[in-house]
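In what follows, a single structure is set out as structure tokens and then discussed.
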Amino acid sequence: MCRKTKMGLLATPQAANEHLSAYKLETSSKETRTSLLVKNFFEKHRTSRIALLLFVLLGTSMVIGDGVLTPAMSVLSAVSGLKIKIPRLHENCIVFVSCIVLVGLFALQHYGTQRVSFLFAPILIAWLGCISGIGIYNIFKWNPGVVRALSPYYVYNFFKKAGKDGWSSLGGVVLCITGAEAMFADLGHFSKLSIRVAFTAVVYPCLVVAYMGEAAYLSKHREDLHSSFYKALPESIFWPVLVIATLATVVGSQAIISATFSIISQCRALGCFPRVKIIHTSSHVHGQIYIPEVNWLLMLLCLAVTIGFRDIDMIGNAYGLAVIIVMFVTTCLMFLIITTVWKRSIFLVLLFVVTFGSLELLYFSACLVKVPHGGWFPLIFSLIILLVMSAWHYGTAKKQAFELQNKVCLDYLLSISPSLGLVRVPGVGLVYSNIMTGVPPMFAHFVTNFPAFHRILIFVCLRTLTVPKVPVDERFLIGRIGPPEYRLFRCIVRYGYKDGGRDSYEFENQLLMKVAEYLQQEVGDSLVNGEMSVVGQPSNLVVDAVMGSERTERSKKRVRFKEAVGADVRQEVRELADEREAGVSYMMGHTCVVAHESSSFIKKFVIDVVYGFLRRNSRRPAVALGIPHASLIEVGMVYHV
């Protein structure tokens, strides 16, 4: 929605980014009356855009809450089957075994799913085969007539006879569909078609048969209601099924943990989550990532939930409420997508909203009754995560607004350089900032106090766009600042919110190659001073220089870069090679953001307390970007926002 409209608080497409293929691929259909009404409402009322962002972050927080509740619920329910065979087993033993399994699950995360994923399919096929086979066995043994439950008539008949109790039972029935909200994480491993085929042809039929078999058993053994799954098992296969069930819960938990990593990674890229370390565990599949801080925090919370609740029913109440809120938020957002992005008719929109929304509200109302019995946990947890995410987004936005308002005109800075005694030192300087025009206040502060900078200076601005990925050949937007003799450049590097890791040396290599290519292109195309240009695939000359040296040490890379640009290119490119050999330094701001003295108490609390705490305890920008410490220059400043 941020990409297509002005309904969000995230950055909308700017003129410099409109040529990207990611934007051109999306065809725009004719506006409908409904789409215009919805867009105008959000564009006119800023409070509605703030409310929409908070609503989205609420759903995101619930997904993260799923990452806590799913492993605890799944593992504890599987291990609790031990009490069927060992009735005298103390509850503490079951909790202890569950905790061991959970610790093992999270300890394996840093290896990545790629190394153990070959076990997932056999485990799940064995699990689905077990429950479907046991379901068929129970249907034929206890009550073959249970197949009539496939008729919708029995849904109506159930609510007619059960009344209010039937409505209340929906709070438990919702657990049958939990897990579906995390299917988006599977896109990091499989195609959409394979997920659809697997679910409709294998998973869904097996689950229906399994539930029918359990219902057939319960029709003859109502006293076994709370442990019907394990008690319905034939004696000879109890232990194998218990082992397979435990392994299946580990695989199922892995899916929601991957989903949590995925959504936090994208929130971080869009400035809605504190900086954390993202490790890509696979060089081939982008969606396979690992976040150490989040992993261990999830583990501690899972252990706390398992030890604190000790009751599957209470964890199930919390789990069901979290899942149904995620689904309802998704439905509401799909309403906006269908109206403003797809621009479908109002009748199709109403059909979708009424069908899915009414069902979800029915489940939601039943789950609300469970709030005193464990349902309070996802509400409290999601509010804490919501506070963290919204405070981080607010503080980051205020910091960027301050930099934009206090940027310095380069002409003014150069005009006072004689009085400062400004000198140029050998090397290449990369100045990181969040502004795309002018000089960042951090650099002006540095120069006025230490009047020297590198002979070649490149202002680098990293931007995360509201598109999933930006092709590498469209990523760099390069332009010159001032006359050629100043040797000043600006580079805007565009990333998508799903783009992978950013190796500092590889980035340095790419950036300097793009600048060299820009200098050659500048002569051929006669670019106007200050005009920025997208630099695509570099010439064979530069490619050979870098690709031929990728297998050597860094020092050799720089020498080959210098040799490659030899005498066949213009003088400026040779100077670039010489200065790179002299050394590349990175300059970043080490800012302290504080609320202005005249600010309200709430703003001071959010900026000084919450945002300040998050900044002090999150990864520093240089660490997050992988910038070598020996080449880093940090400039301290205080921002009064």
Side-chain angles (χ1 to χ4, degrees), residues 16 403 407-411 413-414 417 422-444 446-447 450 452-463 472 475-495 502-522 527 529-536 538 542 546 557-558 561-562 565 569-589 621-622 625-628 631-635:
E403 292 180 345
K407 64 182 180 180
V408 180
C409 178
L410 182 66
D411 293 335
L413 192 65
L414 294 174
S417 60
L422 191 67
V423 295
R424 306 292 289 269
V425 297
V428 178
L430 305 181
V431 182
Y432 283 76
S433 73
N434 293 315
I435 61 175
M436 295 189 291
T437 57
V439 177
M442 166 270 298
F443 182 74
F446 173 80
V447 170
F450 190 82
F453 56 86
H454 298 83
R455 289 174 183 166
I456 294 181
L457 200 66
I458 305 173
F459 292 94
V460 181
C461 178
L462 305 179
R463 307 294 292 180
V472 177
R475 185 165 292 169
F476 292 85
L477 188 62
I478 297 176
R480 186 190 291 278
I481 303 175
E485 59 269 17
Y486 286 173
R487 301 295 191 262
L488 301 177
F489 303 91
R490 185 180 306 281
C491 178
I492 301 172
V493 189
R494 286 86 58 90
Y495 290 97
R502 306 168 188 180
D503 177 75
S504 63
Y505 192 76
E506 183 62 32
F507 173 78
E508 175 190 313
N509 242 0
Q510 291 180 353
L511 175 60
L512 295 180
M513 282 196 302
K514 301 297 184 183
V515 172
E517 194 69 17
Y518 169 81
L519 292 173
Q520 297 181 66
Q521 178 181 323
E522 189 180 39
L527 293 174
N529 179 38
E531 182 180 352
M532 303 196 76
S533 171
V534 176
V535 180
V542 181
V546 178
K557 285 185 181 181
R558 288 177 174 165
F561 178 85
K562 179 185 177 183
V565 299
V569 294
R570 56 182 300 184
Q571 176 66 25
E572 275 190 285
V573 182
R574 290 198 294 273
E575 289 181 13
L576 177 63
D578 291 335
E579 299 303 338
R580 183 187 182 181
E581 188 180 2
V584 178
S585 298
Y586 299 79
M587 184 181 294
M588 303 187 77
L625 293 172
I627 294 175
S631 304
L632 177 64
I633 302 171
E634 287 189 306
V635 182

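Sequence positions, counted from 1, serve as the residue numbers for this chain.
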Practice item. Hey, could you give me the CG/CD distance between Leu430 and Glu508, rounded to the nearest 0.5 Å? Key: 6.5 Å
Review point. Of all residues at least two apart in sequence or in a different chain, which pass the side chain to side chain contact (heavy atoms under 4.5 Å, CB included) check with Gln510?
Key: Phe476, Glu506
Check your understanding: Does Pro621 have any side chain to side chain contact (heavy atoms under 4.5 Å, CB included) partners at least two apart in sequence or in another chain, and if so, which?
Key -> Arg275, Met588
Revision key, fill the gap. CZ of Arg463 to CG of Asn434, rounded to nearest 0.5 Å, is 7.0 Å
Check your understanding: Just by modelled atom types, is the Arg455 backbone N or O under 3.5 Å from a matching donor or acceptor in the Arg424 side chain?
Key -> yes
Exercise for review: Please round to the nearest 0.5 Å and tell me the distance separating atom CG of Leu632 and atom CG of Leu625.
Suggested key: 10.0 Å
Practice item. Mark yes or no for whether Arg580, through its side chain, and Val428, through its backbone, hold a donor-acceptor pair below 3.5 Å. Key: no
Review point. How far apart are the closest heavy atoms of Val460 and Phe507, and which atoms are they?
Key: CG1-CZ, 3.9 Å
Exercise for review: Could you tell me which residues satisfy side-chain hydrogen bond (donor to acceptor under 3.5 Å, both in side chains) with Ser585, sequence neighbours excluded, listed by chain and number?
Suggested key: His454
Review point. Which atom names give the shortest non-hydrogen contact between Val439 and Ala444, and what distance separates them?
Key: CG1-N, 4.3 Å
Exercise for review: Kindly indicate whether the side chain of Pro628, heavy atoms from C-beta on, has any atom under 4.5 Å from the side chain of Tyr586.
Suggested key: yes
Exercise for review: Please examine the side chains of Leu488 and Phe453, heavy atoms only from C-beta on, and report whether any two atoms are closer than 4.5 Å.
Suggested key: yes
Review point. What distance separates Leu512 CG from Glu579 CD, expressed to the nearest 0.5 Å?
Key: 11.5 Å
**Study point:** Short side-chain to backbone donor-acceptor contact, Arg490 and Gly438, under 3.5 Å
**Key:** yes
Practice item. Identify the two heavy atoms, one from Leu519 and one from Phe489, that lie closest to each other, and give their separation to 0.1 Å. Key: CD2-CE2, 3.7 Å
Review point. Which heavy atom in Tyr486 sits nearest to a heavy atom in Ile481, and how many Å separate them?
Key: CB-O, 4.4 Å
**Study point:** Minimum side-chain heavy-atom gap Glu572-Ile456 below 4.5 Å
**Key:** no
Exercise for review: Taking all heavy atoms of Ala452 and all of Phe446, pick out the closest pair and write down the distance.
Suggested key: O-CE2, 3.3 Å
Review point. Is there a side-chain contact between Met442 and Met587, using heavy atoms and a 4.5 Å cut-off?
Key: yes
Review point. Taking all atoms of both residues into account, what is the closest heavy-atom pair of Lys407 and Pro441, and its distance?
Key: CA-CD, 4.2 Å
